[in-house]
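Reading through the structure tokens given below for one structure.
A, B, ... follow the sequence lines: proteins, then strands. Residue 1 opens every chain. Please read all numbers here as calculations on a predicted model, not as lab measurements.
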Amino acid sequence: MYRNIIIVVALSLLVACQPTGQKNAEVETTKPFKSTYQADSHKAFIITNVNLLDGAGNQIENATVIVQNNKIHAVGSGSIDFAGDAETIDAKGKWLSPGLIDNHSHLGVYPSPSISSTSDGNEMTSPDTANVWAEHAVWPQDPGFNLARAGGVTSLQILPGSGNLFGGRGVTLKNIPSTSMMGMKFPDAPHALKMACGENPKRVYGARKVMPSTRMGNMSMYRKSWIEATDYMNKWDDYAAGNSADKPMRDLRLETLSEVLRGNIRIHNHCYRADEMLQMIALSKEFNYEIASFHHAVEAYKIAPELAKENICSSMWSDWWGFKLEAFDGIKENIAMVEKAKACAIVHSDSAVGIQHLNQDAAKAMASGNKAGIEITPAVAMQWITLNPATSMGIADKTGSVEVGKAADLVLWDGNPFSVYTKVEQVFIDGNKVYDIANTGYQAQSDYELGLGLEE
Amino acid sequence: MIMKLFKQLSVLLSLIITVQFSVHVSAETIKTEKVNDAMAVPASSILIQGATVHTLGALGTLENADILIVDGKISEVGTGLMVPEGATTIDAKGKQITPGLMNPDTALGLVEIGAVKSTVDYRNTDKSYSASLSIADVINPNSSLWSHNRNNGLTRAVVAVSNSKELFSGQGSLIRLTDEQDHLVLRDNVLYMTYGDKAAELTGGTRAVALMKLRAVFADLKAYTETEDKAKFKPKGHLKIRELKALLPVLGGEKPIVVNAHRANDIRQMLKLANDYDLKMIISGAQEAWLVKQEIAAANVALMLDPYSNLPSKFETIGNRIDQMTLLHNAGIPMMISAGGSHNAYTVRQVAGNAAAYGLPKDVALASISKTPAQWLGIGATYGTLESGMDADIVVWDGDPLEVTTSADRVFIAGKEILATSRQTKLRDRYLTKDDRRPAYRH
């Protein structure tokens with residue numbers, strides 16, 4: 001994320017030979033809270049005779065997938081020669097998909113047990129808390145991670161809540177059991193910045209008689225923060241270019257916002273209503289940043305062609321509606337209608353229950369589309385819970401589809417993943433088995449769940 | 001005395017009316033049924049042909065079967081039925097048919113938008129109205145939630161009420177999701193009370209006080225029925241006379257009482273209460289029920305469950321598991337599913353499907369969203385199976401009724417086909433239609 005700064009600093013060293021430049025570069029290249037995740041090594045294996053939904057929009061029957069050195073080594077229909085030593089999994093009658101990806105989870109920051117001492121997802125003490133990072137609150141012992149893994153989820157983005165206009169940085173995790181957040185952190189995945197439109201921020205702060213208490217207030221405060229961030233970014237650029245000798249003071253809030261402006265942090269924007277999404281697009285143009293995805297976009301169907309044109313993803317539920325006014329226009333065909341407009345459609349959970357059944361939510365949305373005459377195939381619906389969320393999170397070059405060279409994040413299903421009767425049989429992350437329905441040795445349990453005396 | 005009077009009246013009315021309506025227990029009940037019948041749909045015959053019919057009755061599941069509907073009731077179910085003269089026929093080849101679905105715990109008609117307080121009538125914060133609270137007269141059948149739910153196959157529901165300050169929250173009523181004013185099937189047919197974490201919170205911080213308060217109320221009820229001079233009766237528990245009187249029909253099981261409890265030991269305490277006072281008890285939540293399944297099976301109680309919500313999200317639900325309905329069914333415990341809140345009350349179907357995926361027999365899964373709640377909540381004689389004489393609440397599905405990719409093709413409530421438009425379908429059609437006009441003019 002500091003790559004731009006490094007390049008600018010390096011150039012300025014060449015040109016201006018500023019004595020302070022060297023030190024400056026050192027400070028800015030430190031990435032704190034680095035991922036310590038390292039994939040274990042494993043024996044190569046070959047999955048044969050499988051019905052593959054590759055996540056990139058294709059279905060290949062009778063497919064073969066070869067996994068070696070944590071990566072997808074080969075994919076194709078029929079048999080593929082492999083010279084090395086490998087175990088073969090005959091998956092006749094089974095289906096294979098990429099590991100599922102949820103770009104909207106609060107696991108770890110709103111864990112089970114859900115009590116005030118574990119409630120760490122919403123820093124509702126100021127409407128702009130772009131300075132806080134969700135990863136600092138992720139509790140790796142949340143049993144929800146294990147339940148999500150049993151549902152096939154291999155990568156997930158943990159976002160702060162939506163009480164604030166700027167909720168803070170989100171973090172992408174590999175769904176791998178670990179005693180630390182860093183041990184789960186997805187290496188080199190960009191951060192998210194959670195923004196929220198509409199009812200929540202104005203309700204939270206309006207109730208305290210402070211700004212924002214209206215949507216006007218929401219918008220004016222976004223703009224104020226972006227103005228500050230632009231100024232902050234310019235100060236650092238001036239310093240790096242040698243135009244200014246005064247090294248600016250680091251400000252965690254403005255650092256996050258300015259990294260958005262530099263294109264290094266991706267905006268994930270909680271926004272239900274069509275008119276508000278269009279307002280947020282106009283705002284992004286005023287300050288020249290990009291929106292990766294709208295979340296809870298229950299009215300995306302009203303502006304799907306615009307969202308396609310702007311290349312903004314919509315993260316949606318299949319059927320939630322009506323719990324508040326801005327969710328009143330939710331319809332079951334929303335996701336299919338976004339897909340129909342060739343916009344980026346994503347099924348997200350925002351729920352520790354829903355994340356266990358992303359396939360069922362996609363199935364419902366697919367069926368609702370088909371019923372309304374919008375043809376959606378399983379191959380397309382699979383994209384909603386794999387490659388499309390990966391794209392929104394900036395990790396599509398690493399995972400999200402079963403393609404040669406990508407991480408071997410895989411789910412083996414005992415049938416069509418879009419049937420209620422189908423279960424996840426095995427889950428692999430970077431080629432390592434992390435779940436097996438038939439083998440308790442591959443069923444992780446969190447410390448929290450141990451020894452609570454729950455025997456019949 | 002009053003109890004006895006109620007019962008006598010009941011029996012008397014039953015004798016007169018049972019032949020026609022084959023109901024029920026309380027006087028109110030019968031009155032309601034009578035009113036509804038007077039407003040029933042005009043005589044008509046509909047023959048649905050050629051479907052897979054899940055009768056949930058003695059006939060089991062029939063292939064290539066027909067259902068004849070006459071005057072809002074199921075007249076006949078079988079294969080190769082004759083087409084009566086003047087009957088409308090519906091080809092349902094390749095389709096599957098179940099009873100209309102039932103959700104035993106909703107706020108349908110008491111909520112439009114959860115976060116908009118002015119549209120919410122199910123959250124009571126007034127301590128003075130607890131057990132006696134009736135919501136029957138304020139149910140709004142014009143709610144946008146109704147058409148959405150019935151388009152998705154829900155035809156029956158219990159409308160429940162909560163009280164954030166009292167152990168006893170009031171009385172629920174049973175509705176059918178018709179769009180006319182004949183929605184009320186049973187008035188005040190079920191009562192509610194709270195135990196567990198929530199009850200401890202309401203009573204000063206410990207389950208011990210909550211349990212003593214509950215027991216004191218039931219002791220009062222018993223004492224009241226045994227007291228000759230009712231006017232002089234002084235309750236020892238926290239409920240005053242008006243509230244106690246509303247609870248009287250739960251003694252002996254005339255009306256069911258739903259109690260929320262999760263922890264295995266909490267369930268155990270409720271079983272004791274049910275046994276001591278001969279209650280027709282339905283334990284809701286019950287996320288640790290599998291730990292005490294033998295004790296539950298030995299008691300005559302039912303469970304109201306949502307196994308899809310499998311998180312160990314509280315310390316009292318730490319034993320939660322997604323396959324618990326299978327374990328409980330194998331122990332012989334009757335179960336009904338409650339899920340989806342009110343806006344998506346129909347999603348009990350998805351939960352039933354998941355229960356089936358984890359080993360619950362499919363007919364038991366279907367019964368848990370129709371027949372079983374009907375039996376426990378007082379309408380088992382008229383709804384819940386597809387058998388001759390039952391109300392024609394019928395859903396024609398385009399596939400396996402427990403499958404998530406399946407949807408309802410046609411929905412009948414008491415023999416009347418429901419018009420399949422809703423706010424949601426209108427929104428969909430407005431934005432799906434190719435039309436040069438601005439969206440606001442497309443309707």
Exceeds 12 heavy-atom contacts within 6.0 angstrom, atom [atom1] of [X]:
{"X": "A/Glu375", "atom1": "CD", "value": "no"}
{"X": "A/Gln443", "atom1": "CD", "value": "yes"}
{"X": "B/Arg438", "atom1": "CZ", "value": "no"}

To check you understand the geometry: which heavy-atom pair defines the closest contact between [X] and [Y], and what is its length?
{"X": "A/Ala372", "Y": "B/Arg428", "answer": "CB-CD, 4.1 Å"}
{"X": "B/Tyr308", "Y": "A/Val353", "answer": "O-CG1, 3.5 Å"}
{"X": "B/Ala357", "Y": "A/Lys423", "answer": "O-NZ, 2.6 Å"}
{"X": "B/Val404", "Y": "A/Phe418", "answer": "CG2-O, 4.0 Å"}
{"X": "B/Leu311", "Y": "A/Ser112", "answer": "CB-OG, 3.9 Å"}
{"X": "A/Ile374", "Y": "B/Leu432", "answer": "CD1-CD1, 3.8 Å"}

Inter-residue atom distance [X].[atom1] - [Y].[atom2], 0.5 Å rounding:
{"X": "B/Glu403", "Y": "A/Ser419", "atom1": "CD", "atom2": "OG", "value": "3.5 Å"}
{"X": "A/Ile331", "Y": "B/Tyr431", "atom1": "CD1", "atom2": "OH", "value": "9.5 Å"}
{"X": "B/Ser407", "Y": "A/Lys364", "atom1": "OG", "atom2": "NZ", "value": "12.5 Å"}
{"X": "A/Glu449", "Y": "B/Ile318", "atom1": "CD", "atom2": "CD1", "value": "7.5 Å"}
{"X": "A/His357", "Y": "B/Asn310", "atom1": "NE2", "atom2": "CG", "value": "5.5 Å"}
{"X": "A/Phe323", "Y": "B/Ile113", "atom1": "CZ", "atom2": "CD1", "value": "11.0 Å"}

Under 4.5 Å from any heavy atom of chain A, what part of [X] do you find: side chain, backbone, both or neither?
{"X": "B/Leu145", "result": "both"}
{"X": "B/Asp429", "result": "neither"}
{"X": "B/Lys362", "result": "side chain"}
{"X": "B/Glu288", "result": "side chain"}
{"X": "B/Ser144", "result": "both"}
{"X": "B/Asp197", "result": "neither"}

For chain B, find which of [options] contributes the most heavy-atom pairs closer than 4.5 angstrom.
{"options": "A/Lys340, A/Glu199, A/Glu333", "answer": "A/Glu333"}
{"options": "A/Lys302, A/Lys324, A/Met366, A/Met337", "answer": "A/Lys302"}
{"options": "A/Asn334, A/Leu147, A/Thr118, A/Asp319", "answer": "A/Asp319"}
{"options": "A/Ala363, A/Pro113, A/Ala365, A/Gly322", "answer": "A/Gly322"}

Which one of B/Thr347, B/Thr119, B/Asp398 has the most heavy-atom pairs closer than 4.5 Å to chain A? B/Asp398
Contact leader toward chain A among B/Asp400, B/Ile322, B/Val111, where contacts are heavy-atom pairs under 4.5 Å: B/Asp400
Pair A/Trp321 + B/His148: ring centers closer than 6.0 Å: yes
I want to know whether B/Tyr358 and A/Tyr421 have ring centres closer than 6.0 Å. no
Looking only at side-chain N and O atoms, does B/Gln424 offer a donor or acceptor that is under 3.5 Å from a partner on A/Asp329? no
Sole candidate of B/Thr406, B/Thr405, B/Asp409 that passes side-chain hydrogen bond (donor to acceptor under 3.5 Å, both in side chains) when paired with A/Lys371: B/Asp409
Can B/Arg423 be said to sit on top of A/Phe328's aromatic six-ring, NZ or CZ under 6.0 Å from centre and within 45° of the ring axis? yes
